[in-house]
Amino acid sequence: MPSFSEWQQQAQNITISTQAIINGKACDALSGNTFDCISPIDGRVLGQIAACGAEDVELAVNAARNAFESGCWAELKPVDRKSILLRFAALIDQYSDELALLETLDMGKPISDSLSIDVPEARDSIAWNAEAIDKINGEIAPTGDNELGLVTREPLGVIGAIVPWNFPMAMACWKLGPALATGNSVILKPSEKSPLSAIRLAELALEAGIPAGVFNVLPGYGVEVGDPLARHMDVDGLVFTGSTAVGKQLLSVAGSTNMKRTFVECGGKSPNIVFADAPDLRAAAEAAAMAIFFNQGEVCVAGSRLLVEDSIAEKFIPMVCEASKNIRPGHPLDPATIMGAIVDDVQMRKVLGFIDKGQQEGAELVCGGKHVEPVAGGYYLEPTIFKAVSPQMSIAKNEIFGPVLSCMTFNSEEQAIRMANDSDFGLAAGLWTSNLSRAHRVSRKLRAGSIWVNCYDVGDMTAPFGGFKQSGNGRDKSLHALEKYTEIKATWINLDT
Ligand code: NAD
């Protein structure tokens, strides 16, 4: 890992690609419009990025459709797509420092996380799906002897992928890996708050040999690029990660246009339940702090509601505060930093608004709560913990998407389950207990897509990821993700002719 000063030096010299990638070529938006890409580290402008619009969507959809119909990618043998995708994954590895630096400069996360979490996650998603694709068979239906029923899967065609800013490269690759492995063409719309790594990924994909038009990137705003992409009649599939509000809009846009297959991965307000019989309270407290403060709290599965059994609350909540003292915001390019900058001023003010509201509604602020400036001009917030939170308060109900923990207490297993499930969301949940039966009992009752027992926010490509309720539909990761990118076909053959 380079030192702090080496990262700063690299940041001065880095080349930033600012154009869209359409049909294998870097290009400006047809309108010539750009938007400023601002680093949350210090408020500095990193570059003027192509601000694409509906006319660029049109070009990219045509390019993606032509590439798909030509068969240059979709009709390759799976083993051949695999080898090109593995080359792409190897290039992600080769340029890991550069990709990590772009991610940190663009959205403010600590460089050590970008390098050890985001880049490997992106690479793994490409490589894992590539490795899977030549090992999956179709089915033969159990027919009589005079007929043959084939069950096969085919790529959807043209996929629009709209992703958020909290894990820009990893979220993009959770879509790209299965979409490309199954033979689709993709138009990726990164968040306007974090477009840089997506553009670089498309350059590396071309270098790896992915044909022109198969992977296009359109930077720009949600309403200007995301919406026309979602409405387009020649887009076959739409995959989205982002807020529940936008996810709902996309489902209705898809329903009112061409019924494109639409899968949305949305927000969360995940409970982390600590029973008095947790195996190691100190470990649980440290994990509870990281569950909310990792990535500045800008994590869909953040353990933002800490539910603590009454009998240990007085001891346990101070232990979480103590653990959070080690998580101070610092310069994101310093490898020692474990908490970086909030993505932008708008998000920081939104989080500060929730902190004010929590106090007005009567929750007790036990630590943090303020904007700090370890780097002048940047957007940093202290790890913030509230106790005496009640379930109807806004800080207990809404996804804050920042470093704010709401602590509540319960006095029975049933109450813990009821409180945990009392949410519009159902993305994830954690529970800490040394009672095996309770671990299974509670896990079964929790209405969430990922459950962690005596750990939090762990997993790899082998397990599906996604939500119940208003946290979305469909799943990213694992073999289940491949289903979203394919249509299933039944072919019935009469053998009596
Ligand atoms: P967002 O919904 O504001 O934006 C997400 C993307 O949608 C961006 O690219 C944005 O430009 C685009 N967009 C915005 N309006 C649009 C419109 N009208 N039509 C089409 N596209 C539009 O979300 P965000 O602030 O970027 O990300 C934070 C959210 O993402 C949080 O709610 C978080 O929980 C969620 N998230 C979920 C997961 C998951 O896997 N479930 C993972 C990461 C983040």
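Only heavy atoms go into these numbers, but all of them, side chains included; no hydrogens, no water, no symmetry mates. Remember, it's 1-based here, ligands and their atoms both numbered in the order they're listed.
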Handout entry: Donor + acceptor pair across side chains of His232, Glu58 (<3.5 Å)
Key = yes
Practice task
With sequence neighbours left out, write down each residue that passes side chain to side chain donor-acceptor pair (under 3.5 Å) with Lys25, or none if nothing qualifies.
Solution key: none
Exercise for the section: Please name all residues satisfying side chain to side chain donor-acceptor pair (under 3.5 Å) with Arg447, sequence neighbours left out, ordered by chain then number. Expected result: none
Exercise for the section: Apply side-chain contact (heavy atoms from CB on, under 4.5 Å) to Pro464 and list each qualifying residue two or more places apart in sequence or on a separate chain. Expected result: Arg475, Ser478, His480
Practice task
For residues Tyr456 and Trp432, establish whether the separation of their ring centroids is below 6.0 Å.
Solution key: no
Problem - Check: Phe401 ring centroid to Trp165 ring centroid under 6.0 Å - result: yes
Practice task
For ligand 1, would you mind listing the residues that have at least one heavy atom less than 4.0 Å away, ordered by chain and number?
Solution key: Ile162, Val163, Pro164, Trp165, Asn166, Met171, Lys189, Pro190, Ser191, Glu192, Gly222, Gly226, Asp227, Phe240, Thr241, Gly242, Ser243, Val246, Gln249, Leu250, Glu265, Cys266, Gly267, Cys300, Glu399, Phe401, Leu427, Phe465
